[in-house]
Amino acid sequence: MATQLGIPSIQFLPRFLPKCRSNRHKIGLRIRSKLGEDEQYLIDAPVSAGDGFSFTGGKYSDGPSPSDEWRAQGKFVKAHPVYGYNGKAKDPIFGLTMGSGSQSSTDVFRWFCVESGSSSNPSVVLAHGFPSQAYSYRKVLPVLSQSYHATAFDWLGFGFSDKPQPKYGFDYTLDEYTAAFESLIEAIAPDKFSLVIQITDKHAILPSTLALFSNFLLGEIFSQDPLRASDKALMSSGPYAMKEEVAMVYRRPYLTSGSSGFALNAISRAMKKDLKAYVQSMREVLLSESWKVPTSICWGMRDRWLSYEGVEDFCKVSNKKLLELPMAGHHVQEDFGEELGRIISEIIK
C-alpha cells in the first residue's frame, strides 16, 4: 500500500460564532432514570434529542437540518473489532446505563463515511481533526470528485461514527486510533491512495480550549456542554465567522448524547499524555531517507492555534514541498473549501 500524504494545517474554523439561546439561560439539570436491566437516563429531557447529557436550550431542531442532509449522503462502514467488550456502557459520573445512541456494537465499530466521485478514479482519503467532523470537507468533496474517488470519514467518537465509552471497547488512546485507522483504510481504500490529514511538525501542546477537557473533573462536566465542547474549541482557531446553521451541525453530537462529550474528554487526556511522543515519531519518519512517499505541507498563515515558526526550516530539511495559504486559518476547508479542493487536486495530480 502506498500513501501520498498531503498535510494541510487547515482544520479551519472561526474566530467567533453567533450567540445561541443557551448563552442567555441559566443551566439547569434534571435526571430521569429507569431501574432495571434496560436502565437509561436523560438530562434536561424536554430539550434533549437523545440519551445522555444536554443543557437548557440544547434542542437543535424539530425539522430538517444540514446535519440530516449530510447524513443522508453517507453510509456506515464496519471496521476494527471491538475489544474487551464489557456489556452495556455506563457514564463515568452517575454510573447509569446509557441509552442505545451511546452504545457501540458488540463486534465491529461503525464509521460514518461520505464518498464522492467514481470508484474507478484514484482514491483520496480526508481525515478531520478534533473536535471537528467529516462535514468540514463538504465543500472539498465535489471538487475532488471530478478527478478522484474521495472519502471523508468521522473518527470514532465524533460525528455520526460509533462513540464507545472508555472501558467499553475503545479507550481513545493514540495507539488504538492508529490501529483503528489502519482497519478503516483496509475497508475503504485497500490499494494505493492519497491521504489528507491535519498534523504538524512540532506543535504538540493542546490549545487551552481543548486542554480543559483533559482535566479529570472539569473535563467530565464541560465536555457535556455543546458550547464548550464545540464552539469554544472551534471559535478561536482562525479569522472566520460561521453561520448558525453550520455551527449547529458541529454542536449536534454534544446535544443529542452524552457519549460525544465523554469521548472528547477521553481523547483530550490521551493526547495530552501521548501527543508529543507521536509528533516526534512522525517528525523522525518524515525526515528519514527511507520515507519515499511524495509529501506536501499546506499551511494556513492566519492559524490562531499553531505557530508558523519552524515550518519553513522543517520543509527545507526534510525536502518537503511547502504551500503557504495567506488567508487561511486552522480550518480552511470551511470558508475556502472549493479552493482547498483545487489545491489538493494539484498536489496529488
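When reading the values below, keep in mind they use all heavy atoms of this one structure, side chains included, and skip hydrogens, waters and symmetry mates. Only a predicted model underlies this, so the values are computations on that prediction, with no experimental measurement involved.
One finds a salt bridge joining E346 and K349 here, because a Lys/Arg side-chain nitrogen approaches an Asp/Glu carboxylate oxygen to under 4.0 Å.
Within the 4.5 Å cutoff, the side chain of V82 has no heavy atoms near those of the D107 side chain. Taking 4.5 Å as the limit, every side-chain heavy atom of I297 sits out of range of all side-chain heavy atoms of L323. Residues Q165 and S259 have side chains in contact (heavy-atom distance under 4.5 Å, counting atoms from C-beta outward). Side-chain contact between F76 and W111 is absent, with no heavy-atom pair separated by less than 4.5 Å. You'll find the side chain of V317 reaches within 4.5 Å of the side chain of L287, heavy atoms only. Put simply, the side chain of F193 does not reach to within 4.5 Å of the side chain of V124, judged on heavy atoms. Side chains of E324 and Y308 form a contact here, defined as non-hydrogen atoms less than 4.5 Å apart. Counting heavy atoms from C-beta outward, F109 and L184 have side chains that stay 4.5 Å or more apart.
L264 and P131 get closest at one heavy-atom pair: CD1-CB, 4.0 Å. Across every non-hydrogen atom of P326 and R302, the tightest pair is O-CG, 3.2 Å. Closest of all the heavy-atom pairs between S123 and A189 is CB-CB, 4.4 Å.
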Decide yes or no on side chain to side chain contact (heavy atoms under 4.5 Å, CB included) for R342 and I344, but give the supporting numbers first. CA-CA 5 Å; R342 291 189 288 270; I344 295 173; over 6 Å; no

Do W299 and M301 pass the side chain to side chain contact (heavy atoms under 4.5 Å, CB included) test, and can you show the C-alpha distance, the side-chain angles, and the key distance before you say yes or no? CA-CA 6 Å; W299 198 270; M301 302 304 290; 4.0 Å; yes

Mind running side chain to side chain contact (heavy atoms under 4.5 Å, CB included) on Y135 and V114 for me, showing each step along the way? CA-CA 9 Å; Y135 180 75; V114 176; over 6 Å; no

Using the side chain to side chain contact (heavy atoms under 4.5 Å, CB included) rule, take W70 and V249 through it: C-alpha gap first, then chi angles, then the decisive distance, then the call. CA-CA 9 Å; W70 174 249; V249 176; 5.7 Å; no

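Listed by chain and residue number, S288 satisfy the side-chain hydrogen bond (donor to acceptor under 3.5 Å, both in side chains) test with S290 (two or more places apart in sequence, or in another chain). Remark: T173 pairs with E176 by the side-chain hydrogen bond (donor to acceptor under 3.5 Å, both in side chains) rule, at least two apart or across chains. With sequence neighbours excluded, no residue forms a salt bridge (Lys or Arg N to Asp or Glu O under 4.0 Å) with K139. Residues satisfying the side-chain hydrogen bond (donor to acceptor under 3.5 Å, both in side chains) test with S67, not counting sequence neighbours, are R252.
Ring centroid separation for the pair Y172 and F170 comes in under the 6.0 Å cut-off.
Here the straight-line distance linking atom CD of Q333 with atom OH of Y137 works out to 4.5 Å at 0.5 Å rounding. The CG atom of L325 sits 10.5 Å away from the CG atom of D303 when rounded to the nearest 0.5 Å. One distance of note links NZ of K320 with CH2 of W291; it measures 8.5 Å at 0.5 Å rounding. Annotation: the span from I343 atom CD1 to L144 atom CG amounts to 11.0 Å, rounded to 0.5 Å. Of the inter-residue distances, the one linking L126 atom CG with L141 atom CG reads 6.0 Å to the nearest 0.5 angstrom. Once rounded to the nearest 0.5 Å, the distance linking CG of D274 with OG of S281 reads 12.0 Å.
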Taking only distance into account, with no hydrogens and no angle test, what donor-acceptor pairs under 3.5 Å do side-chain atoms of residues 154-161 form with protein atoms, sequence neighbours excluded?
| residue | atom | partner | partner atom | Å |
| --- | --- | --- | --- | --- |
| D154 | OD1 | A134 | N | 2.7 |
| D154 | OD2 | F160 | N | 2.9 |
| W155 | NE1 | H128 | O | 2.9 |
| S161 | OG | F112 | N | 2.8 |
| S161 | OG | D154 | O | 2.6 |

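Formation of a donor-acceptor pair under 3.5 Å by the S145 side chain with backbone atoms of S116 is not found in this model. At distances below 3.5 Å, not a single donor-acceptor pair connects side-chain atoms of Y148 with backbone N or O atoms of S118. When atom types are taken as modelled, the side chain of D171 and the backbone of P166 share no donor-acceptor pair closer than 3.5 angstrom. Put simply, the side chain of E338 never gets that close to the backbone of P142: no donor and acceptor are under 3.5 Å apart. Under the 3.5 Å distance criterion, the side-chain polar atoms of S136 are left unmatched by any main-chain donor or acceptor of S132.
Heavy atoms of other residues, nucleotides or ligands lying less than 6.0 angstrom from CG of N121 number more than 12.
Both tests do not hold together for R251 against Y254: distance to the six-membered ring centre under 6.0 Å, angle to the ring axis within 45°.
The hydrophobic clustering, which links ILVMFWY residues whose side-chain heavy atoms are closer than 4.5 Å, places Y168 and V108 apart. Linking ILVMFWY residues whenever their side-chain heavy atoms come closer than 4.5 Å, directly or via other members, places I348 and V196 in the same cluster. Hydrophobic clustering (side-chain heavy atoms under 4.5 Å, transitive across Ile, Leu, Val, Met, Phe, Trp, Tyr) groups L195 together with V77.
Within the structure, the salt bridge (charged side-chain N to carboxylate O under 4.0 Å, His left out) test picks out no pair touching residues 284-296 (sequence neighbours left out).
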